[in-house]
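Down below is the structure, laid out as structure tokens.
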Amino acid sequence: MKIKSIGAIIGAGMLVAAVGLFGCTSNEASSASSAEEEAATEDLVVLNGGKLTIAASLDFPPFENLEDGQAVGFEVDLMKALAEKMGLEADYLPSTKFDTIVPMISAGGKADVGVSGFTVTEDRKKEIDFTDVICDSNQGIVVMKDSGYTNVDELAGKKIGAQSGTTGYDWAVENIEGAEVIPFDEMTAVFAALQSGQIDAIASDLPVVQYYVKNAYTDMDIIAEIPTGEQYAIVVSKDNPALTQALNDAIAEVKADGTYDAIYEKWFGASAE
Ligand code: ARG
């Protein structure tokens, strides 16, 4: 497998470099680290040889969205870069219902990772492993401009729409007094429901509602930004710690070599406006 041979090359290279620099004195340390490299890479198993198979709910721009049938977005570019560092090709499955992704990864057999603006939560950690953090986020509350709502308190007892299984759904249940919180499968359905008057407000991740309001639903307004301090990470099966490790190594690499910053700038920088 390609991954394995890359590990062997890195391992051998490190050994040569270490011997060259420090001579015999560092033999122990260098053979240990090359053995570690071997262990980390040899155990790495992916479902479909040469590919990193990714499950995502492709309704979450600018993180992941469908454009002309293709997955596009910040996390899509990031996953392509991480896969490349690992000698793999990023392969997106057809859009997958958000609240089925964690159970799917935990059950195994369909995708190697779930990447969908997944907030790290203690509950999810019981079922799956998260990689290191790839992005920060918060919540935002959206209403129709002509609704007259100006703050969250006025939404007490109202109908709040949110994507099923999300932190936005939980936030609304816990924080909006007496609200009826209605779950929807897709973000697009949540926005359609607000526009048609089926719900009074939306609770979802701030960067995503900002994107939707700016680019599609200009008749809506964000009346509150809630500093929940959420952090996104990649979802991996607990049975595949070598994959989590390899992804963490790749995340560190793209952060160190400027790739991460370039992708961030493309989707969130001044030129993305
Ligand atoms: N960050 C939120 C969560 O983890 C929402 C993610 C929704 N993602 C999506 N691709 N629709 O629950």
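In each ligand, atom 1 is the first atom listed, and ligand 1 is the first ligand listed. None of these values were measured; they are calculated from a predicted model.
Under the 4.0 Å criterion applied to side-chain N and carboxylate O atoms, Glu127 and Arg124 are not assigned as salt-bridge partners. In this structure, Asp219 does not pair ionically with Lys145, as no charged nitrogen and carboxylate oxygen lie closer than 4.0 Å.
Close approach of ligand 1 to Phe118 (heavy-atom distance below 4.0 Å) involves ligand atoms 4 (O). For ligand 1, the atoms sitting less than 4.0 Å from at least one non-hydrogen atom of Phe98 are 3 (C), 4 (O), 6 (C), 7 (C), 8 (N), 9 (C), 12 (O), numbered in the order shown with element in parentheses. Contact atoms of ligand 1 toward Asp59: 9 (C), 10 (N), 11 (N) (distance under 4.0 Å to a heavy atom of the residue).
Closest protein heavy atom to atom 11 (N) of ligand 1: Gln163 OE1, 2.7 Å. Protein heavy atom at the shortest distance from atom 10 (N) of ligand 1 is Ser57 O, 3.0 Å.
The aromatic rings of Tyr264 and Tyr260 lie parallel to each other, their planes meeting at an angle below 30°, with 60° marking the opposite boundary.
Between Ser116 and ligand 1, at least one N/O pair is under 3.5 Å apart. For Gly117, a nitrogen or oxygen atom sits less than 3.5 Å from a nitrogen or oxygen atom of ligand 1, counting backbone and side chain alike. An N or O contact shorter than 3.5 Å links Asp205 to ligand 1 by distance.
Using 4.0 Å as the threshold, Tyr232 has a heavy atom nearer than that to some atom of ligand 1.
Listed by first and then second residue, the ring pair (Phe, Tyr, Trp, His ring centres under 6.0 Å) pairs that reach into residues 134-183 come to none, sequence neighbours excluded.
Exactly one of Val45, Val235, Thr53 qualifies for a side-chain contact (heavy atoms from CB on, under 4.5 Å) with Asp112. That residue is Thr53.
Looking at Arg124 against ligand 1, only its side chain comes within 4.0 Å, counting heavy atoms.
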Anything under 3.5 Å between a donor and an acceptor, one on a side chain of residues 201-209, the other on a protein residue two or more places apart or in another chain? List them.
unit_1 : atom_1 : unit_2 : atom_2 : d
Asp205 : OD1    : Gln139 : NE2    : 3.1
Asp205 : OD2    : Tyr232 : OH     : 2.5

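Atom NZ of Lys158 sits about 8.0 Å away from atom CG of Leu155, to the nearest 0.5 Å.
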